Amino acid sequence: MIKCFLSHSSKDKDSYVRVVSKLLRKEVRIIDEETFEKGMKTADEISLALDDSTLFVIFLSDSALQSSWVRDELQDAKIRLDQKKIERIYPIIIDENIRFDDFRIPLWMRESLNIQQILRPAIAARKINARLLEISWTSHPRLKERKELFVGRNQVISTIEERLDNFDIQSPVALIASGLQSIGRKSVISHAVKKSNLVRDSYEFPFITLDSFDSIEDFIVKLDDLGLVAEKIPSLQKMSINEKVGIAKKIVDKIVEDRERILIEDHGVLVQRSGDIVDWFDELLEHLSPAGHLTFCIASQFKVKSILNRISPKLFSIHISELDIPERKGLLQRYARFQDINIDRSDLGFF
């Protein structure tokens, strides 16, 4: 089974590593306080854990770089990496005072790995989960094949790609797909964004749902609950709408800074029944517009007014209809092949 060793200084455990650990599957993570057998020698437990590891994550901080335990773990992990017993070593800087070229970081790591600072544990956990997913796809290609099972919508995908590649107008900061529930709006968005090379195939979108009675307060709280922003939000109850929009702007600025993209299931909060964009969200998009970063991917219950695609380049919307008959047949055929089920023409026509 794929396992992830979390190498860290004990001084970073409470503030960072435990938060990351809780966002990883329990069966996958290897962390001393959970994994090591009580009463056994720590060095022996580390060695056994490394033997079981597929991904070695090292959290780099000043205390970690001074720790002999962390240095020894990294050295032992490098030996196993060279022996192809560990698939990958993944360094993450968690200290704002540490740079990728710190002389205490081994030269081979500085030269061969893209070492970046990730100060928010939730983002680190998302990156680690993505690396685990990539490793699982290498070991079990069928998992990737199943995840990427996507047929039809060629014209829709082409239309989205054409808009995202259009350099004559500014890049949209919101992509909106409307249509019936469970018709594939989120799948279309995800497929289009990945096909346009805006994110990796292993990228998992942070996801929130906005119910029909939600407001800007709920929007802010749900974004904050994703853990992508370190600062705690103040009480919103007595704030004016302008103050709340100001808080939302600070949150989304952090999201853009970390190159994240938020997937939203919207039940009439952002895109209203009339097809208009609610005022406070429109102001938020206007604020994001200069960055040109596709920040929001929205599966909307209601169809956006078509004129907004022409007069408001900060967003792009498209309506998702049901699959036509040839596309349905194509999807059924491909899924049947994936499941090793032979469906002849007469059975295909019947279904």
Side-chain angles (χ1 to χ4, degrees), residues 1-95 97-98 100 102-140 143 202 227:
M1 183 177 179
I2 295 171
K3 296 275 191 178
C4 172
F5 189 104
L6 304 179
S7 178
H8 60 283
S9 164
S10 59
K11 293 181 180 178
D12 300 319
K13 192 184 294 289
D14 287 336
S15 61
Y16 198 100
V17 180
R18 279 200 184 104
V19 181
V20 173
S21 176
K22 285 180 172 31
L23 296 172
L24 305 176
R25 285 173 50 192
K26 188 171 183 178
E27 297 84 357
V28 168
R29 66 197 186 211
I30 295 177
I31 183 169
D32 50 5
E33 62 189 13
E34 292 181 355
T35 312
F36 293 179
E37 289 285 348
K38 294 178 180 179
M40 303 295 287
K41 288 184 178 180
T42 301
D44 292 342
E45 290 300 298
I46 291 173
S47 181
L48 289 172
L50 287 171
D51 287 339
D52 289 338
S53 299
T54 317
L55 176 68
F56 179 88
V57 177
I58 180 167
F59 297 102
L60 297 171
S61 66
D62 184 65
S63 56
L65 291 172
Q66 293 183 37
S67 168
S68 59
W69 285 105
V70 174
R71 288 197 299 270
D72 289 346
E73 289 171 356
L74 178 58
Q75 183 177 352
D76 290 347
K78 180 62 165 62
I79 292 171
R80 287 166 172 80
L81 179 71
D82 293 339
Q83 296 173 342
K84 301 189 183 307
K85 293 179 180 178
I86 282 179
E87 291 283 336
R88 187 169 181 178
I89 291 177
Y90 187 45
I92 297 174
I93 296 175
I94 65 172
D95 187 332
N97 298 314
I98 299 297
F100 69 93
D102 191 296
F103 73 93
R104 293 172 295 178
I105 300 173
L107 182 62
W108 65 265
M109 186 182 289
R110 283 181 272 152
E111 290 183 341
S112 63
L113 299 179
N114 179 22
I115 310 173
Q116 293 192 355
Q117 193 177 80
I118 304 177
L119 301 181
R120 287 177 275 284
I123 295 177
R126 288 173 37 70
K127 302 287 188 184
I128 294 168
N129 278 318
R131 304 295 83 80
L132 289 168
L133 184 59
E134 291 163 358
I135 291 171
S136 75
W137 284 349
T138 301
S139 303
H140 310 287
L143 294 176
S202 58

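Position 1 is the first residue of the sequence; numbering continues from there. If you're wondering where the values come from, they're calculated on a predicted model, not measured in any experiment.
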Run Asp82 and Trp108 through side chain to side chain contact (heavy atoms under 4.5 Å, CB included) and show every step you take. CA-CA 12 Å; Asp82 293 339; Trp108 65 265; over 6 Å; no

For the backbone of Ala122 and the side chain of Arg126, can you confirm whether one donor and one acceptor N or O come within less than 3.5 Å of each other? no

With rounding to the nearest 0.5 angstrom, report the CD1 to CD distance, Ile105 to Glu111. 12.5 Å

Locate the shortest heavy-atom distance separating Ser15 from Val19; write the atom from each residue and the value. O-CG2, 4.2 Å

Would you indicate whether the side-chain heavy atoms of Ile98 and Arg104 approach each other to under 4.5 Å? yes

Is the backbone of Val17 close enough, under 3.5 Å, to the side chain of Ser21 for a donor and an acceptor to pair up by distance? no

Closest approach of Val20 and Ile128, non-hydrogen atoms and distance? CG1-CD1, 3.8 Å

What distance separates Leu119 CG from Tyr16 OH, expressed to the nearest 0.5 Å? 7.0 Å

Please report the closest heavy-atom contact between Glu73 and Ser7, naming both atoms and the distance. OE1-OG, 2.6 Å

For a side chain to side chain contact (heavy atoms under 4.5 Å, CB included) check, start with the C-alpha distance between Leu74 and Met109, then their side-chain angles and the critical distance, and finish with the verdict. CA-CA 10 Å; Leu74 178 58; Met109 186 182 289; 3.5 Å; yes

Does some side-chain heavy atom of Arg88 sit less than 4.5 Å from a side-chain heavy atom of Glu134? yes

Nearest-0.5 Å distance that lies between atom CG in Asn97 and atom CD in Gln117: 8.5 Å

Under 4.5 Å between any side-chain heavy atoms of Arg131 and Ser202, yes or no? yes

For Leu6 and His8, which heavy atoms make the closest approach, and how far apart are they? O-ND1, 3.0 Å

Please name all residues satisfying side chain to side chain donor-acceptor pair (under 3.5 Å) with Gln66, sequence neighbours left out, ordered by chain then number. Asp62

Closer than 4.0 angstrom, basic N to acidic O: yes or no for Asp102 and Arg110? no

Is the ring pair Phe56/Phe5 parallel, tilted or perpendicular, if the boundaries are 30 and 60 degrees? parallel

Just checking Lys11: does its NZ atom have more than 12 heavy atoms from other residues, nucleotides or ligands closer to it than 6.0 angstrom? no

Hey, does Asp32 have a side-chain heavy atom less than 4.5 Å from the side chain of Glu45? no

For atom CD of Gln83, is the number of surrounding heavy atoms from other residues, nucleotides or ligands below 6.0 Å larger than 12? yes

Where Thr54 and Ile2 come nearest, the two heavy atoms and their spacing: OG1-CA, 3.4 Å

Between Ser47 and Ala43 (side chain of the first, backbone of the second, donor and acceptor by atom type, cut-off under 3.5 Å), is there such a pair? no

Side chain to side chain contact (heavy atoms under 4.5 Å, CB included), that's the test. Do Leu132 and Asn129 meet it? Break it down for me. CA-CA 5 Å; Leu132 289 168; Asn129 278 318; 4.1 Å; yes

Test side chain to side chain contact (heavy atoms under 4.5 Å, CB included) on Lys85 and Leu50; report intermediate values, then the result. CA-CA 9 Å; Lys85 293 179 180 178; Leu50 287 171; over 6 Å; no

Does Val28 reach the side chain of Met1, with side-chain heavy atoms less than 4.5 Å apart? yes

Gap between atom CG of Leu55 and atom CD1 of Ile30 - 0.5 Å precision: 10.0 Å

How long is the gap from CD on Glu27 to NZ on Lys3, to the nearest 0.5 Å? 7.5 Å

Point-to-point distance, once rounded to the nearest 0.5 Å, from CG of Asp51 to CD1 of Ile86: 8.5 Å

Minimal non-hydrogen separation, Ser63 against Asp12, with atom names: OG-OD2, 3.3 Å

